[in-house]
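Have a look at the structure below, then the notes.
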Amino acid sequence: MVVLLDFVSLLVLLNSSCSTALAGDTESPIVNVTLDPRKKILSWNTRGIVTRQTCAIVTPLDPDDVSPNLQVRNNDSYFCTFPNAVLHQGATLTVNATSEGQEFSCQLTFKNPGKEGSGAQNLSCVIYNIRFMNCSWTRGPAAPADVRYQLYTWTSVHGNVSECGLYILDSAGTRVGCHFDELGEGHTTDDYFFLVNGTSSDTDIQFLDCPPVNGPRLEKYNPPANLTVKDNVSHYVIRWDAPAIRYSLSNSVLRYALDIQKTVFLSRQHKNEYRLPSSDVRGEHTVRMRVQHVHFQIWSEWSSTHRFGVPEKNFLVVSIGLAVGAAVLFGMAVMFLCKRFSLKKKLFPPIPRVKQELAGSFLASLEETASCGGHPPPASQDPEDIFTVEETQSLASGPAKMVAPAPDPDAYENIPSGRPLPSQ
């Protein structure tokens, strides 16, 4: 692997450039200072009696002095690890020691070999679909035409290094990306290290490194699946399924974004459900979703769009139809109740009729009352002459004859003048 061979040459250069601070004629106890740029481990040996040792690193991206804990390999070999240091812009490393009451220091200056601006830039990687990973970078502005970049990755300081097996080329044929089609089983403790080196027949190419990235931070989730919307009269109930993810994480660490004409953010959901009041929906609406980890920045793609609600142009027609239907149902219900419980008779009782006998007696009494005082009622008829026919038979006198009774003198007193008397 080219990048590892280049780092071996760097070790020699770094070792030869190490300077020591002497106290009088006493020789420094710090020797063999080397740096492994891939593992970012600074190593050295000591001689004589050393009572105290420290190490530190300063980089342009992190100007503060970083002093990790010192570790011992054996009796005279020590090392410090700087896993988060970024070395492609250079670094200054220092080892301090105290021996027999005197202070000693060895300073090592690291520079990225190669032509300035020839290395890859803007490296980014993303894990998707559980086991795939894509990385991309841009070509350095000063890179020669025949530059050939290589990407290396590993998941622990002492882990195995893997080179990309499938590079992505730009229109000029330069490697600007990589696809990993099998990452193996994922663990939440995975820390991904990346390094992009380069080669050219014209000049040395600078390398590009970056701080380790925790695996869950790189994952881009798939959109929420099975998005549905149901109307339960009072609310539109939106439900979905959580995406399948590479790492074993609780659903409470997922944040959802619902786009319903406006964006609604839902965090730490114990139930994949959102209720939208029906009163807030006027006309047809659409909903789509995406998801991310609550502590990370990568969002999934948007899900497919789902439509719900009634379109504006049909809202009036539907409203009128519902009103007419409600009126018809109400009328049918009233008719049924009237027939079932005889409410018609109770609400509209029949008007009672006067019997003929009572009506006759009532009219007769009216006539008598009106005729008191000798004046017939205006609608009364003139008095009629009543003749009685009597049948008498005499053996001597022969056949029967009609006999008129003697007239009543009072019967003619009230007859108006000018009217002829009844004939006898």
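Inter-residue side-chain proximity for Val33 and Leu42 is flagged as met; some heavy-atom pair is nearer than 4.5 Å. Under the 4.5 Å side-chain criterion, counting only non-hydrogen atoms from C-beta, Ile205 is not in contact with Lys115. A 4.5 Å side-chain heavy-atom check between Val237 and Val229 finds every atom pair outside the cut-off. A heavy-atom distance below 4.5 Å is found between the side chains of Thr188 and Leu249.
Taken to the nearest 0.5 Å, the CH2 atom of Trp154 stands 5.5 Å off from the CZ atom of Arg38. Taken to the nearest 0.5 Å, the CZ atom of Arg217 stands 14.5 Å off from the SG atom of Cys125.
Each of Leu258, Ile238, Asn272 was checked for a side-chain contact (heavy atoms from CB on, under 4.5 Å) with Leu227, and the lone residue meeting it is Ile238. Under the side-chain contact (heavy atoms from CB on, under 4.5 Å) test applied with Phe180, the options Leu151, Leu166, Ile127, Asn134 reduce to a single match, Leu151.
The closest donor-acceptor contact from the side chain of Asn112 to the backbone of His88 lies under 3.5 Å. Checked by atom type and distance alone, the side chain of His187 never pairs as donor or acceptor with a backbone atom of Thr189 at under 3.5 Å. No donor-acceptor pair closer than 3.5 Å links the side chain of Thr81 to the backbone N or O of Pro83. A donor-acceptor pair is defined here as one N or O able to donate and one able to accept, closer than 3.5 Å; no such pair exists between the side chain of Arg148 and the backbone of Thr174.
Side-chain rings of Phe132 and His179 approach one another, their centers coming within less than 6.0 Å.
Looking at Ser300 and Arg290, their side chains never bring a donor and an acceptor atom within 3.5 Å of each other. With hydrogens and angles left out, the side-chain atoms of Ser136 and Ser124 include a donor and acceptor closer than 3.5 Å.
Taking a cutoff of 4.0 Å between a charged side-chain nitrogen and a carboxylate oxygen, Arg52 and Glu103 qualify as a salt bridge. A salt bridge is defined here as a Lys NZ or Arg NE, NH1 or NH2 lying under 4.0 Å from an Asp or Glu carboxylate O, and Lys40 with Asp209 meets this definition. Ion pairing between Lys220 and Glu301 holds under the 4.0 Å rule for side-chain N and carboxylate O. Using a 4.0 Å cut-off between charged side-chain N and carboxylate O, Glu273 and Arg275 make a salt bridge.
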> Is there a side-chain hydrogen bond (donor to acceptor under 3.5 Å, both in side chains) between Ser200 and Asp146 once you walk through the steps?
Replying inline: CA-CA 6 Å; Ser200 171; Asp146 67 340; 2.6 Å; yes
>> Using side chain to side chain contact (heavy atoms under 4.5 Å, CB included), reason through Arg255 and His293 one step at a time and then give a plain yes or no.
In response: CA-CA 6 Å; Arg255 173 188 291 141; His293 193 286; over 6 Å; no
>> Between Tyr256 and Trp240, is the ring-ring contact (aromatic ring centres under 6.0 Å, His included) condition met? List the steps.
In response: CA-CA 11 Å; Tyr256 296 96; Trp240 62 91; 5.2 Å; yes
> Given the rule in the side chain to side chain contact (heavy atoms under 4.5 Å, CB included) test, do Thr228 and Val287 qualify, once you have shown the distances and angles that lead to the verdict?
Replying inline: CA-CA 9 Å; Thr228 61; Val287 59; over 6 Å; no
> Between Thr46 and Tyr78, does a side chain to side chain contact (heavy atoms under 4.5 Å, CB included) hold up when you go through it step by step?
Replying inline: CA-CA 8 Å; Thr46 61; Tyr78 302 88; 3.3 Å; yes
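For the pair Ile49 and Ser99, the tightest heavy-atom approach, listed with the atom from each and the gap, is O-OG, 2.6 Å. In terms of heavy atoms, Leu70 sits closest to Cys80 at CA-SG, 4.0 Å. Nearest heavy atoms, Gln89 versus Pro60: O-CG, 3.4 Å.
The SG atoms of Cys135 and Cys178 lie 2.5 Å or more from each other.
Ring geometry, Phe194 versus Tyr192: the interplanar angle falls under 30°, so the pair is classed parallel (tilted spans 30 to 60°).
For Arg73 and Phe79, the positive end sits near the middle of the six-membered ring, less than 6.0 Å away and at most 45° from its axis. Relative to the six-membered ring of Trp137, Arg175 misses at least one condition, a distance below 6.0 Å or an angle of at most 45° to the axis.
Enclosure of atom CZ in Arg288 by more than 12 non-hydrogen atoms of other residues, nucleotides or ligands within 6.0 angstrom is indicated.
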